[in-house]
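Keep in mind that what you see is a predicted model, and the values were worked out from it rather than measured. A note on names: the letters A, B, ... follow the listed sequences, proteins ahead of strands, and every chain is numbered from 1.
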There are 2 protein chains.
Amino acid sequence: MREVAAKAGVSVAVVSAVVSGGSGNVRLSEETRQRVLRTVEATGYRRNHAARALRSSHAGVISVVIPRVTNAVLARAMEGMQQLAQDEGLVLMLTDANWIVADGKVSNLMTRLSGTGIVDGFIVRTTSVGNEAVADLTARGVPLVILHEPFPGHDHVCVWVDDEPGVRAAAEHLIELGHEHIAMIGGPRHDIPDDAARSRGFRAALAEHDLPLTSQSILAVGYGEAEIAAAIRKLFQAATPPTGIVVDNVVAAPAAMATVVDLGLRVPDDVSVIAYHDIDAAGLTRPSLSTVKMPVEEAGRKGLETLLRLIAGEPAESVLVSDPPPVVIQRQSTAPPSRTRHRRRT
Amino acid sequence: MREVAAKAGVSVAVVSAVVSGGSGNVRLSEETRQRVLRTVEATGYRRNHAARALRSSHAGVISVVIPRVTNAVLARAMEGMQQLAQDEGLVLMLTDANWIVADGKVSNLMTRLSGTGIVDGFIVRTTSVGNEAVADLTARGVPLVILHEPFPGHDHVCVWVDDEPGVRAAAEHLIELGHEHIAMIGGPRHDIPDDAARSRGFRAALAEHDLPLTSQSILAVGYGEAEIAAAIRKLFQAATPPTGIVVDNVVAAPAAMATVVDLGLRVPDDVSVIAYHDIDAAGLTRPSLSTVKMPVEEAGRKGLETLLRLIAGEPAESVLVSDPPPVVIQRQSTAPPSRTRHRRRT
DNA sequence: TCCAGCAGATTAATGGATTTATCAACTCTG
DNA sequence: CAGAGTTGATAAATCCATTAATCTGCTGGA
């Protein structure tokens, strides 16, 4: 910058003002501005952000940590954040949570990023409040927003879509089609206690239509292939297997569908399947997958908005985004139950 | 840091040495070390990375920019990078290329990150050398590695898997099963000129077995759903439609399979499909997808390794990783061609 | 004519960690 | 016991951009 200033025949303060778009009480004539800009171009000057961050204690970078970067639902949330980030001149930095846990102890990312200067705050997706990293960060007073419904008994700032009406809409779709035996599957075990939103939504839908709810109706098993497969098999070993299944997250749907097919059942003829959350890929399977579209982009945007408030030192509260409301997107995987139930081939 | 130094009764230089693990010619007694560490703990001191980066002109952050963060193949590459990053104490920062292109002009990310201080270098996935951002960065002398085979006539540093034997293995798998009419589909148009590795691999396999290669054998259409669908339809409008298809990237497979199914064709009975690159999700479709597994993790790791060399100012060359060699993973989507060809239902 | 006011620009302090040069005190060695 | 060598630690320069405080002309109004 000193070099640029020298070549342009001005002081560094002027260069700084030009480059950062007018700062402090430094006023510039248009002519000087242009001359400096030309010099910047000519010298190939690049602003040093470390220095900028140091001086202004504001890095302009937000770290987003999610369990799997390939998760398409969270990618949609990030798209929402990105719109706002763009407007605010912020950069989003995505990290897979699995990358930052080494030998059971939490991260690198902690030690490297939580310090001042590199990132201004965190947006984290955890399904468990027990997460060490999150506890540590909040304890240190680092601005942090969790993409999840609020955890009862904890005062983390949480922003996410409202799962209850979403899952309820999924269940109601099946009920409206005429299904009477409906089960729900998926979700990290600790994420679906009896009072969690998804569970509530599912129960509410069934209760409202006087449908039976057994101990087998809700299987919370995590998103692992093997677990999902086992759960599906379990469902169809029951005396009255379901004719409709709500998969509580679309990312668990492939494993669920595969198992259903492997059991010799046809979708939707023998079983209807609807997944919670909508992603593009749902339209590309055969049968394509009916889903419930949630305001995930909006939640992402709201999450960043909330984080920015936190960073600015303003008070911020947890929010459940419910606008626009859940929309059922019917594709090929849901249909009225057939009269003649097919028997499992094996 | 000054505060910590004061409380521990030492100078800031000592604290710096303790925190950064011994630097310069500052020697420490074990006793002092412990005392400082305790003070750091007690005061909740967090190292300011902006200052650190400013002074040492080394941020410890690598920016990875890829077209779609949900791309599972690239996620595998990132896992490879991550191993090395962990060892080196580096942080990887992932950004979706789509997020950083605003109004057709390139980015935010450019202006924000390419300056010194925030990131030390870039690993970029582009399939086109025309990419403005890449050209700009390399012109500015920013350390950058492209995840792609080398672009003829350009001297970018490129690291990737060797597509030629990979695609050849895919085609040979079909040939070994007895297929004689084979087509290849997918890939950005400009990514498959006649002499590109994938094209070469495909041609080589066919040539070696004296199989016909027509103008319809290789359709490079990009990864868009609609384009893929149109290409597949085109294939089956031909006089002698293929009995085997190589989809040149597994991320294009869902759209391809969906279209095949929609045409009333059965996989693998009527058509065998094999995809280039292996991802976990390939095992979860029904029929599950045969693939060719490439050393993608290794390429990712090698890419970062090369970037680090560049950052250190050492010379670095483009590399095509070919160890371990391609492995065909046969699942349900490939089988010998059936004698009695099914006709398209519609 | 004189001064207030303003446009346009400069000076210099600042942020926090790193690192070289330097220093004090102590231990050997011949 | 003098001088060399070592250990343990400090002072101060440095990295680069930001910005509050200041300064210089110049213009318009009284």
OP1, OP2 of [N] versus side-chain N and O of [X]: anything below 4.0 Å?
{"X": "A/Ser16", "N": "D/dT18", "result": "yes"}
{"X": "B/Ser20", "N": "C/dA17", "result": "no"}
{"X": "A/Arg33", "N": "C/dG8", "result": "no"}

With a non-hydrogen cut-off below 4.0 angstrom, is [X] in contact with a base, only sugar-phosphate, or nothing?
{"X": "A/Ser29", "answer": "sugar-phosphate"}
{"X": "A/Val15", "answer": "nothing"}
{"X": "A/Ser11", "answer": "base"}

*Could a donor-acceptor pair under 3.5 angstrom be found where the side chain of A/Arg27 meets the base of C/dA7?*
yes

*asked:* Tell me whether the side-chain N or O atoms of A/Arg55 pair up with the base of C/dT14 as donor and acceptor below 3.5 Å, since no angle test is needed here.
replied: yes

_Whether over 12 other heavy atoms sit under 6.0 Å from A/Glu314 CD_ = yes

*So with a 6.0 Å cut-off around CD of B/Glu30, is the heavy-atom count from everything else above 12?*
yes

Can you check the [X] [atom1] to [N] [atom2] distance for me, whole Å?
{"X": "A/Arg52", "N": "C/dG16", "atom1": "CZ", "atom2": "P", "value": "17 Å"}
{"X": "A/His49", "N": "D/dA17", "atom1": "NE2", "atom2": "P", "value": "10 Å"}
{"X": "B/Arg2", "N": "D/dA12", "atom1": "CZ", "atom2": "C1'", "value": "13 Å"}
{"X": "A/Leu54", "N": "D/dT19", "atom1": "CG", "atom2": "C1'", "value": "14 Å"}
{"X": "A/Glu3", "N": "D/dA17", "atom1": "CD", "atom2": "C1'", "value": "15 Å"}
{"X": "A/Asn48", "N": "C/dG15", "atom1": "CG", "atom2": "C1'", "value": "13 Å"}
{"X": "B/His58", "N": "C/dA17", "atom1": "NE2", "atom2": "P", "value": "18 Å"}
{"X": "B/Gln34", "N": "D/dA9", "atom1": "CD", "atom2": "P", "value": "13 Å"}

Among [options], which nucleotide has an atom closest to any side-chain atom of [X]?
{"X": "B/Ala13", "options": "D/dA11, C/dA17, C/dA9", "value": "D/dA11"}
{"X": "A/Val14", "options": "C/dA9, D/dA17, C/dT18", "value": "C/dA9"}
{"X": "A/Val12", "options": "C/dA12, C/dA17, D/dA17", "value": "C/dA12"}
{"X": "B/Thr32", "options": "C/dT18, D/dA11, D/dG8", "value": "D/dG8"}

_Donor-acceptor under 3.5 Å (B/Arg68 side chain, B/Asp96 main chain)_ = no

*asked:* Using modelled atom types and a 3.5 Å cut-off, is there a donor and acceptor pairing between side-chain atoms of B/Ser318 and backbone atoms of B/Cys158?
replied: yes

*Do the rings of B/Phe151 and B/His148 sit parallel, tilted or perpendicular, given the 30° and 60° boundaries?*
parallel

